[in-house]
Participant: 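Structure provided below as structure tokens; questions to follow.
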Amino acid sequence: MPPDWPILAPLSEDEKRQVLLVARRRRFQRGEVVVHRDDPADTMHLVSSGSLAIRVLTPLGDVATLAIVGPGGVVGEMGLVRPAGMRSATIQALAPTETYSLNRETFDRLRRDHPAVDALLVEILADRVVEMTDRLMDALYTPAPRRVASFIETLAGRYGDGSGTATIPLTQEDLASLAGTSRLTVSRVLRDMRARGQVEVGRGRLTVRAPESR
């Protein structure tokens, strides 16, 4: 059953079904690029399952991961707010992922027919500004090891399945990019957490144990 997307909250259940009926169902394999930076921004994606990473290339040529979006999340809506917008980042699947994509015409009609969607869109964009501000403050004033541990805790809450463990589909490079630090720092933090029985490190994934399951 599709998740509840906050951006569709003003719609009735029947209206939500109608939106999904006209949406294009897309499936992406792990590592597959959903959109590239500087592509025309002509669609938005409602994430149904899996996980997407939003990434940019830094002036030094490194890849920075700005955000991870899972089920119930939306990507690409910012580009549709501006006429003839372009993608500001590359979006890549971290795991097998399914989305419902809405083109610009459908999205504009949704906003026109349901003004409350516009209000929620403003809230979503405002929340992202707050999140980016918080991350900037962390990058400036929070020690890197603490930032890494904080991101792992946040992601564990997002990927937990109720079994007492959470499998996060990220590499150590991904974690370093999210936390704004080096892979060496991430490796040290994970080594300490593994010694305490808090995590297990696998290829392209991290398994976090809840305190009661350790």
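If you're wondering where the values come from, they're calculated on a predicted model, not measured in any experiment.
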Participant: Does CD in E32 sit with more than 12 non-hydrogen atoms of other residues, nucleotides or ligands closer than 6.0 Å?
Facilitator: yes
Participant: Heavy atoms, side chains only, cut-off 4.5 Å: are S48 and W5 in contact?
Facilitator: yes
Participant: Taking atom OG of S88 and atom CG of D39, what is their separation to the nearest 0.5 Å?
Facilitator: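 So the gap between those two atoms works out to 11.5 Å.
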Participant: So, T181 side chain and T185 main chain: donor-acceptor pair closer than 3.5 Å or not?
Facilitator: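 Not confirmed, T181 side chain does not pair with T185 backbone.
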Participant: Please say yes or no: joined through hydrophobic side-chain contacts below 4.5 Å, possibly via intermediate residues, are V186 and V201 part of one cluster?
Facilitator: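 V186 and V201: one cluster.
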Participant: Work out which heavy atom in L102 is nearest to a heavy atom in A23; give both atom names and the distance.
Facilitator: CD2-CB, 3.4 Å
Participant: For D113, I'd like to know if atom CG has over 12 heavy atoms of other residues, nucleotides or ligands within 6.0 Å.
Facilitator: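 Above 12, so yes.
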Participant: Decide whether L178 and V69 are clustered together by the hydrophobic rule: side chain heavy atoms of Ile, Leu, Val, Met, Phe, Trp, Tyr closer than 4.5 Å, transitively.
Facilitator: no
Participant: Rounded to the nearest 0.5 Å, what's the gap from CG on L206 to CD1 on I168? Could you check?
Facilitator: 5.0 Å
Participant: Which heavy atom of P71 sits nearest to which heavy atom of S49, and what is that distance?
Facilitator: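 Minimum heavy-atom separation between P71 and S49: CG-CA, 3.8 Å.
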Participant: With side chains defined as the heavy atoms from C-beta onward, is the minimum distance between I68 and L52 less than 4.5 Å?
Facilitator: no
Participant: Does R87 use its side chain to pair, donor to acceptor, with the backbone of H36 at less than 3.5 Å?
Facilitator: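 No, because the side chain of R87 does not come within donor-acceptor range (under 3.5 Å) of the backbone of H36.
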Participant: Go through it in stages, so that I can follow the logic: the residues are L170 and R205, the test is side-chain contact (heavy atoms from CB on, under 4.5 Å), and I'd like the CA-CA distance, side-chain angles, deciding distance and then a yes or no.
Facilitator: CA-CA 5 Å; L170 296 178; R205 69 179 186 277; over 6 Å; no
Participant: Taking atom CZ as the centre, does R128 end up with more than 12 heavy-atom neighbours from other residues, nucleotides or ligands that are less than 6.0 angstrom away?
Facilitator: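 Counting neighbours around CZ of R128, more than 12 heavy atoms of other residues, nucleotides or ligands fall under 6.0 Å, so yes.
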Participant: Does anything in residues 179-189 form a salt bridge (charged side-chain N to carboxylate O under 4.0 Å, His left out)? List the pairs, not counting sequence neighbours.
Facilitator: E173-R183
Participant: Examine the side chains of E153 and S150 and answer whether a donor and an acceptor come within less than 3.5 Å of each other.
Facilitator: no
Participant: Taking only residues two or more places apart in sequence, or in another chain, which ones meet Y100 in a side chain to side chain donor-acceptor pair (under 3.5 Å)?
Facilitator: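 With neighbours one apart ignored, the set is empty.
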Participant: Is a donor on one side and an acceptor on the other found under 3.5 Å between the side chain of T65 and the backbone of S177?
Facilitator: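 Looks like no, no N/O pair under 3.5 Å.
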Participant: Measure across Y159 and T167 and return the closest heavy-atom pair with its distance rounded to 0.1 Å.
Facilitator: CB-O, 3.6 Å
Participant: Report yes or no: do V74 and I91 belong to one cluster of Ile/Leu/Val/Met/Phe/Trp/Tyr joined by side chain heavy-atom distances under 4.5 Å?
Facilitator: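 Per the 4.5 Å side-chain linkage, V74 and I91 are not co-clustered.
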Participant: In chain order, what residues pass the side chain to side chain donor-acceptor pair (under 3.5 Å) check against T133, with sequence neighbours excluded?
Facilitator: none
Participant: Do NZ/NE/NH1/NH2 and the carboxylate oxygens of E200 and R194 come within less than 4.0 Å?
Facilitator: no
Participant: Near R30 CZ, under 6.0 Å, is it more than 12 heavy atoms from other residues, nucleotides or ligands?
Facilitator: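 More than 12 within 6.0 Å, yes.
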Participant: Would you check if L11 and L110 make a side-chain contact, meaning some heavy-atom pair closer than 4.5 Å?
Facilitator: yes
Participant: Restricting to side-chain contact (heavy atoms from CB on, under 4.5 Å), what partner residues turn up for D138, sequence neighbours left out?
Facilitator: T142, R147
Participant: Measure the shortest side-chain to side-chain distance between V75 and I54 over non-hydrogen atoms and say whether it is less than 4.5 angstrom.
Facilitator: yes
Participant: For V63 and L57, what are the C-alpha separation, side-chain angles and deciding distance, and is it a side-chain contact (heavy atoms from CB on, under 4.5 Å)?
Facilitator: CA-CA 5 Å; V63 176; L57 193 66; 4.1 Å; yes
Participant: Are F151 and V189 connected in a single hydrophobic cluster, I mean Ile/Leu/Val/Met/Phe/Trp/Tyr linked by side-chain heavy atoms less than 4.5 Å apart?
Facilitator: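 Yes, same cluster.
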Participant: Heavy atoms, side chains only, cut-off 4.5 Å: are V199 and R209 in contact?
Facilitator: no
Participant: Does the pair L175 and L155 meet the rule for a side-chain contact (heavy atoms from CB on, under 4.5 Å), with working shown?
Facilitator: CA-CA 10 Å; L175 286 171; L155 291 168; 4.0 Å; yes
Participant: To the nearest 0.5 Å, what is the distance between CE (M132) and CG (D127)?
Facilitator: 12.0 Å
Participant: Using the side chain to side chain donor-acceptor pair (under 3.5 Å) criterion, which residues pair with Q92? Sequence neighbours excluded.
Facilitator: R55
Participant: Would you name the heavy atoms of V148 and A179 that are closest together and state the gap between them?
Facilitator: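 Minimum heavy-atom contact is CG2-CB, 3.9 Å.
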Participant: Given side-chain contact (heavy atoms from CB on, under 4.5 Å), test T99 with L46 step by step and report yes or no.
Facilitator: CA-CA 5 Å; T99 72; L46 306 171; 5.9 Å; no
Participant: Minimum heavy-atom separation for G50 and T97, please, with both atom names.
Facilitator: CA-OG1, 3.6 Å
Participant: What distance do E105 atom CD and T43 atom OG1 have between them, rounded to the nearest 0.5 Å?
Facilitator: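 So the gap between those two atoms works out to 13.5 Å.
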Participant: Salt bridge check: are K16 and E13 linked by an N-O gap of less than 4.0 Å?
Facilitator: yes
Participant: Carefully, step by step, assess R25 and E98 under the rule salt bridge (charged side-chain N to carboxylate O under 4.0 Å, His left out).
Facilitator: CA-CA 7 Å; R25 200 170 184 180; E98 181 178 270; 3.1 Å; yes
Participant: Give the minimum heavy-atom separation between G204 and T171, together with the two atoms involved.
Facilitator: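 Scanning both residues completely, I find the closest heavy atoms to be CA-CG2, 3.9 Å.
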Participant: Any heavy-atom pair between the side chains of I152 and V208 that's under 4.5 Å?
Facilitator: yes
Participant: Using side-chain heavy atoms (C-beta onward) and a distance below 4.5 Å, is L121 in contact with V81?
Facilitator: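 When only atoms from C-beta onward are counted, V81 and L121 do touch, with a gap below 4.5 Å.
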Participant: Applying side chain to side chain donor-acceptor pair (under 3.5 Å) to N103 and T106, what does each step give before you reach the verdict?
Facilitator: CA-CA 5 Å; N103 60 30; T106 302; 2.9 Å; yes
Participant: Can you tell me how far CG of D42 sits from CZ of F107, rounded to the nearest 0.5 angstrom?
Facilitator: 13.0 Å
Participant: Would you check if I124 and I7 make a side-chain contact, meaning some heavy-atom pair closer than 4.5 Å?
Facilitator: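 SC-SC contact between I124 and I7 confirmed.
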Participant: State yes or no: do V35 and M78 share one hydrophobic cluster built from I, L, V, M, F, W and Y residues joined by side-chain heavy-atom distances below 4.5 Å, directly or via other members?
Facilitator: no
Participant: Quick one: list whatever passes side chain to side chain donor-acceptor pair (under 3.5 Å) with R111, sequence neighbours left out.
Facilitator: D118
Participant: What distance do R109 atom CZ and H114 atom NE2 have between them, rounded to the nearest 0.5 Å?
Facilitator: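 Going from the CZ atom of R109 to the NE2 atom of H114 covers 10.0 Å.
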